[in-house]
Amino acid sequence: MYPHQVHDYLQKFFKENNCEIVHGNEHYMTVQLTVDMDKKIMNRPFHWQYIENTNGIPDPVQLTLITDQTKLSKNMKGEVVHFGSPRLNQLFQTTNKLGAYVQMYERVSNNLETRPILTPWLGVNYKVSYYCDRTKEMLYSLGINLMTGEVINSFQESLVTKELDAQKSERAFLLPYIIKPLRALDRLDAVIENIIQQEDHAWAEEAKSRWQKDQAILEHFYEGVEDKPECYEMEKRAMEEQYEARIKIDVVNGGLFYMK
Amino acid sequence: MIIERSSDWKEGFINKLENQEPWDNWTLYNMSYEVVKANLIEEFSGLQSPKYLPNLTPLAHQLEVAETVISRMNGKAILADEVGLGKTIEAGLILKEYLIRGLVKKVLILAPASLINQWVEELHYKFYIPAIAFKKNTPIDYYDVVVMSMDTAKKSPHKELIYAQNYDMIIIDEAHKLKNHKTKIYEFVQGLKKKFCLLLTATPVQNNVFELFYLISLLKPGHLGNYETFQSSFSASKHSLEHDEYLRELVNQVMVRNRREETGIEWTSRRVQTIPIEFTKEEREVYELILELKNVSSVFSGAFSMITLQKEMCSSKEATYLTLTKMRQNCTTQAEIDFVDGIIQKLMALETNSKAEKAYEIISEANDKVIIFTEYKASQVYLQWYLNSKGITSVPFNGQFNKSKREYMKHLFKEKFQVLIATESGGEGINLQFCHHVINYDLPWNPMKLEQRIGRVHRLGQEHDVHIYNLAIENTIEKDILELLYVKLDVFEKVVGELDDILSTLKKTI
């Protein structure tokens, strides 16, 4: 992420969370946090506990964030935010928490004679991580039609081309779902496992052979030792943790979508 | 294959559905997806960490080390770059990479006490890794990245506390302190679980090849075989190495080492001179008398005390005097006492110190900032007095100084005084790139100590050629020390690789 991308991100993030940008330019911004956002990102629970218990006047922080120090005067005071900085990571996590579940409706035009019918979908974005002594991650966006059970890939990408609203239009008619969302979620979970099983898992084999090689070296060291010391077991455990192949499936976010 | 999944999202989803909780913001939903996509680690290999560290510009060799350690050594390695090439940066890059990839969460860093704050600061400011320095009663269960001194770690109750943690990565700075497998610290590290492990040392071999064997056996037991096989194949005698090539290759599988000249950076060069000094007639007489001591009294028959006295006589009469008077107390017969008193009398009557005069000569000629390393505190005090009498200002420097005193002395040296006189223990963790003259007033037995000393000034940021003066008095024990230093350097170069100049290349002529 380049400085201007970080800047756009922050701007969007604070706007969506109703935090006013008091002043700023393309390289910095001073933001008035809301009480809610202060509690989320300023990490001062005791302060808020105190204010609330004493009926004090809430005093959310005004934060100055600098996205490109090189373009500003040296005297400019504020927190420098860049890709990799702890503050940005924290905002990423906050975004993830605040954008985990949605229910959206595709926009319908008002001038049609018939009432447009919207079909329910469940969309889930999965992050799949492969772990051994190395890592690799993949992102899958799946959608399942709650009427027919049809599953499609790249669901998120298909949504971007559509106009969606959080409120249902008065005129739209919603089909009731046949497959319950939780059942559909189970199905998608099964689909993702299936996808994983189709993948090439040479990486796990390679990790295993690295493991075996190290194991052989260790055995060689203790060859002929009758009572192996505790550190022998320790080394073995460490290798297991280091090389054992694991796959982790995380849901990034998901929701219900009513689509034409 | 183990597949892990969390039910957190599902539970939240049920809440939204059943309790009619408000749904989240669509824009944030999309932003969240985009962030995950942008941060996705798409390849097993390659480094992610540099893009998270826009303010750090690692050097090419540092990136290469990080990549080699992760992809070829599976995260267990000895980082053995020459002093001053940035081993801490390399370790930081590797650690950051594993943190980003989620392979490491809890980290223990062991470093000499004097370097703890430096570690914490570098990790904090250069790598955005929130490390904390261990203090008495720090609850280490609550902190993910802890920096501690080896001396603290190996003692109860810290030892037990550490063993109770499940560390994913262990980093040990100045790892040559683990060369002796009979020490408590070695035993302690051996008992640690080492999933990922980095040992940092510029000097993996100091005296003999077994040190390397024990260091590697700590990292990866069995890599060099067990003790018996190693001994039979690699050491007919301590210093002759039959399978140099083979051993070197094995070593290179777990050790990365960059030399200054391989880094592609323009380094200023080292100009090393060994400066022979002649004792005055009076000094020589006292030196000979000291050699006589072992024939006169059993108090002086021990080899160690004799060697100490000889070395001290090569340093200053002040240093010699202290040891001599201490040993005099053990003498019983009048003849012994008289002989010793005779020496002390002659010793105290000495008016010149040939070596100190030489040092003064070098300092005046350099007409610039100079660091003097001596092995003895008494010599340190004497040199300060002597130089002062010649109108040259100096500050002392010891390893025992606390952090603020170190900083203050360094500051004084940089801003005001011409000479810094350091004892051996002042050698680690102080960076003095603004100076480029080093006098090794006394020679240590261990060549790597010389390398550590030179490394204080010959490191990144040095703009001048570095002048090193090794002072050695002719026809004394210092000549033997020089010879042994060459032998040890030879072992190092055979097993580990070339070294930048420590002793002058004219070595064979001495």
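Below, chains carry the letters A, B, ... as their sequence lines are ordered, and counting in each starts from 1.
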Engineer: Report, by ascending residue number, the residues of residues 234-247 of chain A in heavy-atom contact with chain B at a distance under 4.5 Å; give 'none' if the set is empty.
Structural biologist: A/Met234, A/Glu235, A/Ala238, A/Glu241, A/Gln242, A/Tyr243, A/Glu244, A/Ala245, A/Arg246, A/Ile247

Engineer: Heavy-atom cut-off 4.5 Å, strictly under: side chain, backbone, both or neither for A/Lys15 against chain B?
Structural biologist: neither

Engineer: Please output the residues of residues 120-130 of chain A in contact with chain B, using a heavy-atom cutoff of under 4.5 Å, in numerical order.
Structural biologist: A/Leu122, A/Gly123, A/Val124, A/Asn125, A/Lys127, A/Tyr130

Engineer: Measuring heavy-atom distances to chain B, does A/Leu88 have an atom under 4.5 Å in its side chain, in its backbone, in both, or in neither?
Structural biologist: neither

Engineer: Under 4.5 Å from any heavy atom of chain A, what part of B/Gln190 do you find: side chain, backbone, both or neither?
Structural biologist: both

Engineer: Does OH in B/Tyr143 sit with more than 12 non-hydrogen atoms of other residues, nucleotides or ligands closer than 6.0 Å?
Structural biologist: no

Engineer: Report the residues that fulfil side chain to side chain contact (heavy atoms under 4.5 Å, CB included) with A/Arg107, sequence neighbours left out, ordered by chain and then residue number.
Structural biologist: A/Glu163, A/Asp165

Engineer: So, are A/Glu157 and B/Lys37 salt-bridged, with charged N and O less than 4.0 Å apart?
Structural biologist: yes

Engineer: Where on A/His82 is there a heavy atom nearer than 4.5 Å to chain B: the side chain, the backbone, both, or neither?
Structural biologist: side chain

Engineer: Name the region of B/Asn166, side chain, backbone, both or neither, that has any atom closer than 4.5 Å to a heavy atom of chain A.
Structural biologist: side chain

Engineer: Less than 4.5 Å to any heavy atom of chain A: does that hold for the side chain of B/Lys51, its backbone, both, or neither?
Structural biologist: both

Engineer: How about residues 180-190 of chain A versus chain B: which residues have heavy atoms under 4.5 Å apart?
Structural biologist: A/Pro181, A/Leu182, A/Leu185, A/Asp186, A/Asp189

Engineer: Donor-acceptor pair, distance only, cut-off 3.5 Å: does the side chain of B/Trp9 make one with the backbone of A/Ala100?
Structural biologist: yes

Engineer: Within a 6.0 Å radius of atom CG on B/Asn19, are there more than 12 heavy atoms belonging to other residues, nucleotides or ligands?
Structural biologist: yes

Engineer: Please check if the number of heavy atoms outside B/Glu187 that lie under 6.0 Å from its CD is greater than 12.
Structural biologist: no

Engineer: Taking only Lys NZ, Arg NE, NH1 and NH2, and the carboxylate oxygens of Asp or Glu, determine whether A/Glu193 and B/Arg5 approach each other closer than 4.0 Å.
Structural biologist: yes

Engineer: Between the side chains of B/Asn39 and A/Glu137, is a donor N or O closer than 3.5 angstrom to an acceptor N or O?
Structural biologist: no

Engineer: Pick one of side chain, backbone, both or neither for A/Ala166, based on which atoms fall under 4.5 Å of a heavy atom in chain B.
Structural biologist: neither

Engineer: Take atom CD in A/Glu230; do more than 12 heavy atoms of anything else shown fall under 6.0 Å from it?
Structural biologist: no

Engineer: Answer yes or no: does atom NZ of A/Lys12 have more than 12 heavy-atom neighbours from other residues, nucleotides or ligands under 6.0 Å?
Structural biologist: no

Engineer: What part of B/Leu192 gets within 4.5 angstrom of chain A, counting heavy atoms only: side chain, backbone, both, or neither?
Structural biologist: backbone

Engineer: Checking B/Tyr98 against chain A: side chain, backbone, both or neither under 4.5 Å from a heavy atom?
Structural biologist: side chain

